[in-house]
Amino acid sequence: MQKLRAGILGATGAVGQQFVRLLADHPWFDISVLAASERSAGKRYFEAVNWIGSDPIPDSVREMEVVSCEPGIGCDFVFSGLDAKVAGGIESDFAAAGYAVISNARNHRMRQDVPLLIPEVNPEHTALIDAQNTSGYIVTNPNCSTVGLVCALKPIVDAFGVDRVQVSTMQALSGAGYPGVSSLDILGNVVPFIGGEEDKLETEPLKLLGALENGAVTPYRATLSAQCNRVPVLDGHMETVSLSLKRTASPEAVVGALRGFKNPLAGLGLPTAPDPFVAVFDDPRFPQPRRHSNLGRGMTVSVGRVRSCNVLDIRMVVLSHNTVRGAAGGAILNAELLVHQGRLSSRTAAAPATEKAS
């Protein structure tokens, strides 16, 4: 297939940099535009960005001129790594101008006509796009902590049903962006508060696990209680989860459901889709962020310590890479699903691609 031209909004930020890294050699998408704030516009990318990756800036974008986040840029669709403080209006403007917007920001996640998407969990929810009253559309990622939880819950919900969830998170520093949390606050410490995080973790799963009925999502019926903590780990959100099941099941049966989940993406050939979708560990020491966050190139969700719970029914540990599976990589997989579904293609009226600076 001919590669589609991707623009990146918020290209100089932490999530924007992950988009750049993951798209550098993508077989379906080429980066044609890098967009950021007025402070960065007009500079070459290497001049505008405080690059925090361990690999060098890809040569294909190093000299590219950064432009403002305004419609009219030369691409077929845009990934948004924008901060939520500015993302809402900018993303709406791009959708109104005819662009598909694949967003990592929270602003539009709970809109009734916007898919909140994890392709292995709810691919049918892309039908909500049809209700958006714009020439383009918006599709969103869940919150980074929501992603790991819901990927682990989906096989269990399908097999046994879940009516109560208690989750405590240990969230990596990279989830706070750059410069993130002060070293004096986090070194040798745990911060037991992340603004707005618990609310997202208690509401977003219900939309993700909900049923698409008559062009709308009926939220899944369950009660969630979340406590979120920032810990001195670089990458990888870990969650300890206790579940009350609607139908009785042993820990062995739950492990069987996790390992036997029929992945709707299997056989589709989506480049970013991991195999396995969920990895289940028998070793009680696992998963661990340093060892397992990068499984499946950061897209596999890890589950371990599945056992009986003395208060509810089942307890387990969940790990996901927060800036890959929970941010840029998840958005790229969303775009690949949209291509497969025929919802994402070239914009014949798109403006010329931005030229690289000489």
Side-chain angles (χ1 to χ4, degrees), residues 4-16 18-19 23 29 31-41 66-118 122 125-144 146 177 195-196 199-200 203-204 207-208 212 215-217 326-328 330-335 337-339 341 343-351 353-354:
L4 299 181
R5 300 178 301 162
I8 301 174
L9 308 181
T12 58
V15 173
Q18 276 287 33
F19 277 122
L23 290 168
F29 309 135
I31 301 172
S32 66
V33 180
L34 299 172
S37 67
E38 292 294 335
R39 182 179 65 253
S40 299
V66 178
V67 301
S68 298
C69 294
E70 298 175 353
I73 60 178
C75 56
D76 298 314
F77 70 102
V78 295
F79 290 110
S80 174
L82 291 167
D83 188 281
K85 294 176 183 177
V86 298
I90 292 173
E91 292 176 356
S92 294
D93 289 345
F94 272 85
Y99 294 84
V101 180
I102 318 299
S103 173
N104 184 66
R106 69 172 182 263
N107 305 70
H108 300 286
R109 286 176 186 158
M110 301 307 289
R111 267 178 47 185
Q112 292 184 353
D113 60 350
V114 170
L116 180 62
L117 187 62
I118 300 174
N122 60 337
H125 285 196
T126 58
L128 296 177
I129 291 169
D130 298 334
Q132 295 186 33
N133 190 27
T134 53
S135 55
Y137 59 81
I138 299 171
V139 170
T140 61
N141 280 5
N143 174 259
C144 52
T146 299
D199 179 65
K200 298 170 196 171
T203 56
E204 291 179 3
K207 182 176 180 179
L208 286 155
L212 184 68
V217 173
I332 292 168
L333 184 58
N334 286 349
L337 176 67
L338 293 164
V339 171
Q341 293 179 340
R343 293 183 176 274
L344 187 58
S345 58
S346 297
R347 295 177 70 248
T348 56
T354 301

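Values reported hereafter were calculated over all heavy atoms of this structure, with side chains retained and with hydrogens, waters and symmetry mates removed. Numbers here simply count residues along the sequence, with the first being 1.
The nearest pair of heavy atoms linking N141 to R109 is O-NE, 2.7 Å. Residues L208 and H125 approach most closely at O-CE1, 3.8 Å, considering heavy atoms. Scanning all heavy atoms of the two residues, the minimum distance from A96 to S135 falls at O-OG, 3.1 Å. The two residues H108 and S92 have their closest heavy-atom pair at CE1-OG, 3.2 Å. Nearest approach of T12 to A36, heavy atoms of both residues: OG1-CB, 3.9 Å. Closest heavy-atom contact between F94 and P71: CZ-N, 3.5 Å.
Around CZ of R106, the count of heavy atoms belonging to other residues, nucleotides or ligands within 6.0 Å does not exceed 12. The environment of CG in D130 is crowded: more than 12 heavy-atom neighbours from other residues, nucleotides or ligands sit within 6.0 Å.
Of the possible donor and acceptor atoms, none in the side chain of Q112 sits under 3.5 Å from a partner among the backbone N and O of A216. A side-chain donor-acceptor contact under 3.5 Å links T134 to the backbone of G136. Without hydrogens or angle criteria, N107 side chain to A84 main chain gives a donor-acceptor distance under 3.5 Å. No donor-acceptor pair closer than 3.5 Å links the side chain of Q18 to the backbone N or O of A327.
Rounding to the nearest 0.5 Å gives a distance of 8.5 Å between SG of C69 and CD of E38. Note that CG of L116 is 10.0 Å distant from CG of L128, once rounded to the nearest 0.5 Å. Interatomic distance, CD1 of I102 versus CG of L333, reported as 11.0 Å (0.5 Å rounding). Here the OG1 atom belonging to T146 is positioned 12.0 Å from the NZ atom belonging to K207, to the nearest 0.5 angstrom. A distance of 5.0 Å separates CG of L82 from CD1 of I90, quoted to the nearest 0.5 Å.
Partners of Y137 under the ring-ring contact (aromatic ring centres under 6.0 Å, His included) rule, at least two apart in sequence or in another chain, do not exist in this structure. Partners of E91 under the salt bridge (charged side-chain N to carboxylate O under 4.0 Å, His left out) rule, at least two apart in sequence or in another chain, do not exist in this structure.
For the pair L337/L117, a side-chain contact is recorded, criterion being any heavy-atom separation below 4.5 Å from C-beta on. Inter-residue side-chain proximity for F77 and Y99 is flagged as unmet; no heavy-atom pair is nearer than 4.5 Å. Proximity of L9 to N104: side-chain heavy atoms (C-beta onward) are nowhere separated by under 4.5 Å. At a threshold of 4.5 Å between non-hydrogen side-chain atoms, the residues I8 and V78 do not count as touching.
For the side chain to side chain contact (heavy atoms under 4.5 Å, CB included) with L344, the qualifying choice from V339, D76, T126 is V339, the only one to do so. Checking L338, V217, V139 one by one against P115, the side chain to side chain contact (heavy atoms under 4.5 Å, CB included) holds for a single residue, V139.
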Exercise for the section: Step by step, work out the side-chain contact (heavy atoms from CB on, under 4.5 Å) result for V101 and F79. Expected result: CA-CA 6 Å; V101 180; F79 290 110; over 6 Å; no
Handout entry: Evaluation steps, salt bridge (charged side-chain N to carboxylate O under 4.0 Å, His left out), between R111 and D113
Key = CA-CA 6 Å; R111 267 178 47 185; D113 60 350; 2.9 Å; yes
